[in-house]
Amino acid sequence: MLKKRIIPCLDIKDGTTVKGINFEGLRNAGDPISLAKKYEIDGADELVFLDITATIEERKTFVELVRDIAKELSIPFTVGGGINSIEDVRKLLEAGADKISINSSAVKKPQLITDLANEFGSQCIVVAIDTKFVNNEDWVHIKGGREATELKTLEWAKKAEVLGAGEILLTSMDGDGTKKGFDIRITKAVSEIVNIPVIASGGAGTIGDFTEVFQETKATGGLAASIFHFGEIHIQDVKKELLYKKIQVRNDQF
């Protein structure tokens, strides 16, 4: 069984870390380089960097910022936002990213998943899925959650795996920023339909939320942002509670 991972997420807009609720109402959450340093010290297992407006603004991810953050890290570092080609990925990997995350571009051009997996290996390719429950169905959304698609979440997750994705980052738009807990229903459904690791994202508010998502689903990672950024919960406290509940974690050296 894969050990569970606690993963802070840096949502980046205009070079600054931000956080909102249900993908809206963004507020400043601090300097990304300082936060990266902090999470490295605090025992994070991985770090995710998402340039959340790169696709909307039709530009590339901030490569220099990625390079500056990577210099501070020894843990795996995933980068996403505005990635559309093999060359985009190559630049980010050369800047220090360990994995890349694609979302809108994967939906628009599914072949990109296969092309990237063939070029860099599936272990490097994370397909991010922003999902929302509408009319009794789970639907994939793109462009930072602004645009609904006709893709059903479970079908897309399975297809992404078949195309070559090595991991899925599943964000519940309904839970995002609410601190009411991970969306257990959709996380359970996705993690059971695929055979690759699934990171649960959206809604973490308490240490118990991490325990619940790992006990009730097959997710191997729990991602959160604001509760870590604003010091509401500390990563080491989450891990201590998970170990107490006999849930194995990646880095248990405190």
Side-chain angles (χ1 to χ4, degrees), residues 5-20 23 26-85 87-106 116 120 123-130 142-145 165-171 176-177 197-202 204 221-230 235 250-251:
R5 297 165 290 158
I6 305 302
I7 308 171
C9 180
L10 304 178
D11 290 325
I12 306 296
K13 183 177 186 294
D14 300 328
T16 300
T17 311
V18 296
K19 189 60 192 142
F23 284 41
L26 301 178
R27 60 171 172 153
N28 192 317
D31 172 63
I33 298 175
S34 297
L35 286 170
K37 289 180 181 178
K38 175 183 183 303
Y39 294 136
E40 171 85 11
I41 295 169
D42 288 352
D45 296 302
E46 299 186 12
L47 184 69
V48 170
F49 169 114
L50 299 177
D51 189 334
I52 62 174
T53 57
T55 298
I56 296 298
E57 296 168 4
E58 297 183 347
R59 60 170 173 76
K60 304 302 181 186
T61 300
F62 294 111
V63 175
E64 288 305 317
L65 181 55
V66 169
R67 183 174 287 109
D68 289 342
I69 292 174
K71 289 176 182 176
E72 306 297 333
L73 298 176
S74 62
I75 57 176
F77 182 31
T78 299
V79 176
I83 297 170
N84 296 293
S85 68
E87 187 55 34
D88 290 342
V89 174
R90 184 171 285 112
K91 288 178 180 178
L92 291 170
L93 296 179
E94 288 174 351
D98 298 289
K99 296 185 282 187
I100 60 92
S101 171
I102 51 175
N103 186 335
S104 302
S105 59
L116 295 178
F120 304 106
Q123 80 289 339
C124 178
I125 312 304
V126 180
V127 170
I129 301 176
D130 295 333
I142 58 174
K143 294 185 177 179
E167 188 167 38
I168 288 175
L169 170 53
L170 180 71
T171 300
D176 177 71
V198 174
I199 300 171
S201 169
L223 180 146
S226 57
I227 57 170
F228 294 144
H229 298 339
F230 301 116
I235 293 171
R250 176 77 62 81
N251 176 10

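Since we're looking at a predicted model, the values are computed, not measured.
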- [ ] Calculate, to the nearest 0.5 Å, the distance between atoms CD and CZ belonging to E40 and F77 respectively.
- [x] 11.5 Å
- [ ] Please report the closest heavy-atom contact between A44 and P8, naming both atoms and the distance.
- [x] CB-CD, 3.5 Å
Open item on the list: Side chains of P32 and I12, heavy atoms from C-beta outward: is any pair under 4.5 Å?
Closed with: yes
Task: Side-chain donor or acceptor of N84 paired with backbone N/O of G82 under 3.5 Å - done: yes
Open item on the list: For a quick test of reading the model, state the closest non-hydrogen atom pair linking G96 to A70 and the distance between them.
Closed with: CA-CB, 3.7 Å
Task: Straight-line distance of I102 CD1 to I129 CD1, nearest 0.5 Å - done: 10.5 Å
Open item on the list: Parallel, tilted or perpendicular: which one describes the rings of Y39 and H229, with boundaries at 30° and 60°?
Closed with: tilted
Open item on the list: Under the criterion side chain to side chain contact (heavy atoms under 4.5 Å, CB included), I'd like the reasoning laid out for L65 against I33: C-alpha separation, chi angles, the key distance, then a yes or no.
Closed with: CA-CA 8 Å; L65 181 55; I33 298 175; 4.1 Å; yes
TODO: Flag the pair E64 and R67 as a salt bridge only when some basic side-chain nitrogen lies within less than 4.0 angstrom of an acidic carboxylate oxygen.
DONE: yes
Task: D45: partners by side chain to side chain donor-acceptor pair (under 3.5 Å), with sequence neighbours left out - done: K239
TODO: Quick one: closest heavy-atom pair of S105 and I83, and the distance?
DONE: OG-O, 2.7 Å
Task: D98 versus P76, closest heavy-atom pair with distance - done: OD2-CA, 3.3 Å
- [ ] Could you point out which residue of T78, T171, I7 forms a side-chain contact (heavy atoms from CB on, under 4.5 Å) with I199?
- [x] I7
Open item on the list: Does C9 form a side chain to side chain contact (heavy atoms under 4.5 Å, CB included) with L50? I'd like the steps, not just the answer.
Closed with: CA-CA 7 Å; C9 180; L50 299 177; 3.9 Å; yes
Open item on the list: Do R5 and P197 make a side-chain contact, defined as non-hydrogen atoms from C-beta onward lying under 4.5 Å apart?
Closed with: yes
Task: Residue pair A36 / L73: nearest heavy atoms and the distance that separates them - done: O-CD2, 3.7 Å
Task: 4.5 Å side-chain heavy-atom contact, N103 and I142 - done: yes
TODO: State the CG-OG distance between D51 and S101, to the nearest 0.5 angstrom.
DONE: 11.5 Å
- [ ] Apply salt bridge (charged side-chain N to carboxylate O under 4.0 Å, His left out) to R90 and E87, showing your working.
- [x] CA-CA 5 Å; R90 184 171 285 112; E87 187 55 34; 3.4 Å; yes
Open item on the list: When you compare the side chain of I6 with that of F228, does any pair of heavy atoms fall below 4.5 Å?
Closed with: yes
Task: side-chain contact (heavy atoms from CB on, under 4.5 Å) partners of A97, counting only residues at least two apart - done: V79, L92, L93
TODO: For side chain to side chain contact (heavy atoms under 4.5 Å, CB included), just list the numbers for L47 and I69, CA-CA rounded to whole Å, side-chain angles, deciding distance to a tenth of an Å, and then say yes or no.
DONE: CA-CA 10 Å; L47 184 69; I69 292 174; 4.1 Å; yes
Open item on the list: Please give me the minimum heavy-atom distance between E46 and I75, naming the atom from each residue.
Closed with: C-CD1, 3.8 Å
- [ ] Taking Q123 for its side chain and G166 for its backbone only, find out whether a donor-acceptor pair lies under 3.5 Å.
- [x] no
Task: I168 CD1 to S201 OG distance, which is reported to the nearest 0.5 Å - done: 13.0 Å
- [ ] Please identify each residue that fulfils salt bridge (Lys or Arg N to Asp or Glu O under 4.0 Å) with K91, with sequence neighbours left out.
- [x] none
